[in-house]
Each structure stands twice: as structure tokens, then as C-alpha cells.
> 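Sharing a structure here in C-alpha cells format.
For the numbers below, each heavy atom of this structure counts, side chains included, while hydrogens, waters and symmetry mates do not. Labels below follow one simple rule: chain letters A, B, ... track the order of the sequence lines, proteins then strands, and each chain is numbered from 1. Model, not experiment: these values are computed from the prediction.
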Amino acid sequence: MKTSTFHLVTSRETPADAEIVSHQLMLRTGMIRKLTAGIYSWSPLGWRVLKKVENIVREEMDRAGYLEMLMPAVQPAELWRETGRWEDFGGQLLKMRDRAGRDFVFGPTHEEVITDIARNELRSYKQLPVTFYQIQTKFRDEIRPRFGVMRAREFLMKDGYSFHIDEDSLDKTYWEMYEVYSRIFSRAGLKFRAVRADSGAIGGSASHEFHVLADSGEDQIAFSDGSDFAANIELAEVLPPPQERPAPTADIELIDTPDAHTIEELVNQFDLPIEKTVKTLVVEAAETSASDLIALLVRGDHTLNEFKAVKLEQVASPLRFATEEEIRETIGAGPGSLGPVKLNIPCIADASVAVMSDFVSGANQDNKHYFGINWDRDVPLPAVADLRNAIEGDPSPDGKGKLRLARGIEVGHIFQLGTKYSTAMNAVVLGEDGKSHVMPMGCYGIGVSRIVAAAIEQNHDDRGICWPEPIAPFRVAVLPMNAKKSHRVREAAEKLYADLTEAGVEVLYDDRNVRPGVMFNDMELIGIPHRVVIGERGLDKGLLEYRLRTSSENENIPLEGALKNILARLSG
RNA sequence: CGGGGUGUAGCGCAGCCUGGUAGCGCAACUGCUUUGGGAGCAGUGGGUCGGGAGUUCGAAUCUCUCCACCCCGACCA
């Protein structure tokens, strides 16, 4: 491809409404253009990348024996009423009506359609297991689309669905899919983690999210440095501390703390180690509880894990923090002065709090704290539970290694659905036993367009994008220096371009009559992995210049045999 | 949905407070020069100032209203 005939429209300035680097770079390179909130066009440049990702997904799915198909994007409401999701799916479901007044949706996902096909076409266990997939534009009417294609309303998704005679078969396909997904993200050149996820209310057994690791990720994940354990921070179990509670060494004292209403203020004003403080959070109690409110205790430097808290039977679901008025009315002190001693509501302590001694906490009187508190001696130890978020350095729940924290971008999700949809829609087959069996299902998603943005988040520098080679829009950039004036340069560049193209390499040949700096900057901005510069200077010595996008060093390569030399440098 | 903010040329912005018919940088176009890290000079084109209504002799500017977009939160995954 020559730049003179390719639609290359780059911008030096960063658009004002792009927050994260992938969005900024996708706009500056011209890969995408916004049509309206959360809806984007892909330019020829962006589309090349999107297709690369799509093809890797397709090839690996096909290789595993899964069957590609294409389902309608527009679906009749009846199907959604059948599973109850016409009402339950919520505002993300884009509903529309045809001229006859019939209701439709623009598909945000395709469980209903595929289950309808399955119940019509699958009759016998002999047809199972079977896995269908498609790569298609989805629409979810996000409340707040943002970050460009990272969280768009219209996006490209690979969605797959498997059907089985029993749970064992589902489990087998699920773990195969786990491997297929790992291969896909590896092939795309991305650093990722498979993360255990919340299987949620649907009741399916297993669920994993695949996260591309990037500092700007919306999800926090915890993973072990000594095993392949990884979990969403919400789900990462914290093991009880191994040590015994130390014996008391201090007396309990009631101290005036007029200006300390947060742990931070307390620690600063009294020069306390933060690990010696206890935070008291008050939430609504479960209806079965004798009290309206319940207190949750975590160490001053820890944070409450709301997912863990809400799972406790004593705590109301959904979790709701008590208002300041409720706290004052019930306890008689403000939220900045609460603690377990002489507390008139039930309380649950995090396991880390249970092994503390000589600690500091609120006195349940405004502007006063108790110092030197000890369990049993000053106040009975309450119920103990795992309440806090894991932190860096906690032992891994599987007993191997320590936890590290990282941020991730969710690009894939695999899920054992069970029979939720097949039951609702009566998708059954005859088994070997001659009886009807409701088919357990799995569903498997990959955010294809989101991968493009995630790849940029993970692979960029201050000059622009540094594409992993398998998803780069072009692999080699050929840049002639001052070609207008030099026949030799022009001829050498044309020849290299022709040779590489002939060899099946995707080359972008910059034949614009622009200054070298413009070429360098554009090619670096759009992130082409390999660059070859051809100039008079080098040709005099029979040399070309080669540079890897991620390197800052030029390398001279002989003009003679340059094609072979360059081909050897391409990866994959 | 609640709170905050912004809409002026393709992009980034000034002008608005204090009303007098629109400007800067980049980009684009033409010519000449230039050509190893976003060139220089000269010239050119491009804006119903988000829409509507009102106040006024006169509105980008003041008032009302609608719309769009962005940010924070809630919601959703």
C-alpha cells in the first residue's frame, strides 16, 4: 500500500474529549471516527487492525472445531419475552418497533436466538456436543459510554454457545474453551490473565474473565506470583492471619480526639501506626437481625470488600451504608467516632482485626477514641469473617506464593450457563436412555473491538502506538528520503516495496512528497513494527537503515540481499 | 437518573463579564524555495458562533427554552 493512495489522516493534536491514551491515539491516527455517543466508524487503517484481531479469533475457534455462523442482529420481542429478559435485561436493551407495531430488539447477545435454533434442530444426543459462534456487531445501550471503543454502545463481539447432553460434557468444552481463549490472546501478542469471576445470580458453576493487563484498566485483579491463581479483587479470598493474637501490653484509655474524624487524621495527629487502628463501618442489617444496623470492623489500612460483606447472612442485600442521621440516632455518636467498645449494635470483625491487640478505635462518643483496646479484656471478640479486600503481599489463597495486584481490561468471558435458557425455551434432546434431556449450555464472549483499544493501552509510548506484530495494520514501513530529488532512492524504495509485497508482506510505502520528519512521526504514531529508511547517504555505502518500532537504535543492513534480511526479522 | 461543565472553521482555543456584525494556532488549497525528525515565504478558501424564541436600533455576547457532547456519581457487567 502506498500512502499517497491510502486514506491516512493523522492529527498532531489530541482531541479534547478523549480521556485515555488508546482513545486519544485511535483518534489521532484516524483509526476511528465518532458518529455519535458510543458509536464509531472504523477507517481503513482501523479496520485493518480490527480484521487482524477478528481473524485470529476466527482461526483459533475454527481450529478447535467450533462452527461459525451468523445470526440476525434484529430479533423479535417474543423470544425475549419467553426468557423473561424483555423486562429483566434493563435499559441496555435497545428496543424498536416495525411498521406493523411489532416489538424488536437490536441484539446485545444471542442466547435466545441460538437456543431457538437448537431446540428446532437438535434432536439427539448424537448431535452433541456442538459449539456455534459468530462475529457480529452488538448493541448495548450503555448508560454512560466512554473511552472510545473501550466502552462503546455499538461494538464488535465474538459470541459462542455450546450445547451438551450433560454437565460433564459442558465442563469439558468449558476448559477447552479456556485453552482456546488463552491461545487467542497469546497470538495477539497481549499480556493477559485468566481470572476467576463471580458466577452471579444465574447459578452457573464456573466463570472466568480474561483480562488484558494495563494500568488504565477498570477492573482490579489479584494474582499469585507463585502459581496461576488469579481472581477479581471482589472475589479474592483473604486467608486468616496465621499468627496468634499478642497478649495485651497497654491499658485501655479514653482519649479526647476533637480533630480526628478519619483514620488518616487520627494517625497523623497521634503518630500511630495505621495497623494499630480499627475502622468501624455501619451498614443496614438483614431483616432477620434483631437490630436495624450492624457494624463491620476492618483494620485502618484495609478496605471493606462490599461483595464479601453483602454475602454475610447478618447483612442486608443489597449493601447499604447507614446515613449519618441513622448512626447518630442509634449509637449516639457521629461516623468519625465509632468503635467496638460499648457499641449497642451487633458487629462483625475482619479476621485481621481479630488478631490485633492494644489497638485504637472510636469510643462511640463524639470526639473521643479508646486507645489500648484488647479483645476479651475490654470487649468480647465478636463474630469473625473475611471482610476486606486483598492487598499486595497477602498470601495467595491457594497457598502458593504472594498476591500481586494489577489492573485489567476485560476482553473475554467464558461461562457455564447451565439450563437457564434451555429450560425456559424447552430445548431438549433424546438421550441414549431414550428420555428427554434439557441441554446444559455454555456461553463464551470476546470483545473484538475492545481488544484493539486494550492492545494500545498495553503497547504505546510517547510517540504513539507500538502494535504487537500480529495485529499491526502493516508490518513494514518503507521510507524513502528525498525521493523527489533522487532517482537512486526512488528506485531502491520502489524495488524493496515490490519485493516485500511480492513476498506477501503488508508494507506501507510512504511515497508522499513530505519532509522526513513527517514520515517518521506518522509511521511511529500509527505504530508500524518495522521501519526501513532509504537515503542517498546509505546507498553510497550500499546500505539501508532498519529500526524496530520499540527500539531507539538504527541498524544498517546491506542493500544486497535486503529482502531476505528483512523477512528474517519479521516475527510469526 | 442526580450533580457539574462545554458547544465559535476539520482539530485545539480566544472573544462573552462590559452588546456594535468574528479572531488566533494547527490542518487544507495555490505558487516559489526547502528536504535525515511534524520547514520557510507569499497568497487563498472555509464559520446560519448547537437549534428556537425573546430583549434591543443592533445579540457569539443579555434572558428563556430545547438539543448535543464531556466529566463525577448511581446503575449495569
> Which whole number of Å gives the distance between the C1' atom of G46(B) and that of U65(B)?
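After rounding to an integer number of Å, I get 31 Å for this pair.
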> Taking only the P atom of each, what is the distance from U34(B) to C41(B) in whole angstrom?
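Straight-line distance between the two P atoms is 16 Å.
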> What contact category does Arg33(A) fall into here, base, sugar-phosphate, or nothing, at under 4.0 angstrom with non-hydrogen atoms?
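Nothing: the residue Arg33(A), judged by heavy atoms under 4.0 Å, touches no strand.
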> Just checking Gly535(A): base, sugar-phosphate only, or nothing, at a heavy-atom cut-off of under 4.0 Å?
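Here Gly535(A) touches the bases of the nucleic acid.
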> Kindly say if Arg515(A) contacts the phosphate of A39(B), meaning a side-chain N or O under 4.0 Å from OP1 or OP2.
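Answer yes for this pair, as a side-chain N or O of Arg515(A) is under 4.0 Å from OP1 or OP2.
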> Work out how far the C1' atom of C67(B) is from that of A53(B), and round it to whole angstrom.
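The same atom, C1', in both gives a distance of 14 Å.
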> By the 4.0 Å heavy-atom rule, please label Val9(A) as base, sugar-phosphate, or nothing.
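No contact at all - Val9(A) keeps every heavy atom at 4.0 Å or more from the nucleic acid.
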> Scan Lys484(A) against the nucleic acid and name what it touches under 4.0 Å (heavy atoms): base, sugar-phosphate only, or nothing.
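Lys484(A): base contact, heavy atoms under 4.0 Å.
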> Mind checking if Asn521(A) touches a base, just sugar-phosphate, or nothing, with heavy atoms under 4.0 Å?
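Here Asn521(A) touches the bases of the nucleic acid.
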> Can you tell me the distance, in whole Å, between the CZ atom of Arg140(A) and the C1' atom of C75(B)?
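Atom CZ in Arg140(A) sits about 15 Å away from atom C1' in C75(B).
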> Would you indicate what Arg547(A) reaches in the nucleic acid, counting non-hydrogen atoms under 4.0 angstrom: base, sugar-phosphate, or nothing?
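Base, at least one base atom sits under 4.0 Å.
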> Could Arg85(A) and Glu111(A) be called an ion pair, given the rule that one side-chain N must be under 4.0 Å from one carboxylate O?
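Glu111(A) and Arg85(A): salt-bridged.
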> Classify Glu545(A) by what it touches in the nucleic acid, base, sugar-phosphate, or nothing, heavy-atom distance under 4.0 Å.
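Result for Glu545(A) = base.
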> Taking the same atom, C1', in G25(B) and in A9(B), what whole-Å distance lies between them?
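One C1' to the other, the span is 13 Å.
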> Have a look at Arg512(A) and say if it touches a base, only the backbone sugar-phosphate, or nothing, with a 4.0 Å heavy-atom cut-off.
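It contacts nothing in the nucleic acid.
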> Tell me what Arg531(A) touches on the nucleic acid: a base, only sugar-phosphate, or nothing, going by heavy atoms under 4.0 Å.
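It contacts base atoms.
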> Below the 4.0 Å mark, does A68(B) have OP1 or OP2 next to a side-chain nitrogen or oxygen of Thr36(A)?
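Answer no for this pair, as no side-chain N or O of Thr36(A) is under 4.0 Å from OP1 or OP2.
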> Would you confirm whether the ring centroid of Tyr181(A) sits within less than 6.0 angstrom of the ring centroid of Phe210(A)?
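Yes - the distance between ring centres of Phe210(A) and Tyr181(A) falls below the 6.0 Å cut-off.
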> Would you check if Trp467(A) and Ile456(A) make a side-chain contact, meaning some heavy-atom pair closer than 4.5 Å?
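Result yes, sub-4.5 Å side-chain heavy-atom pair found.
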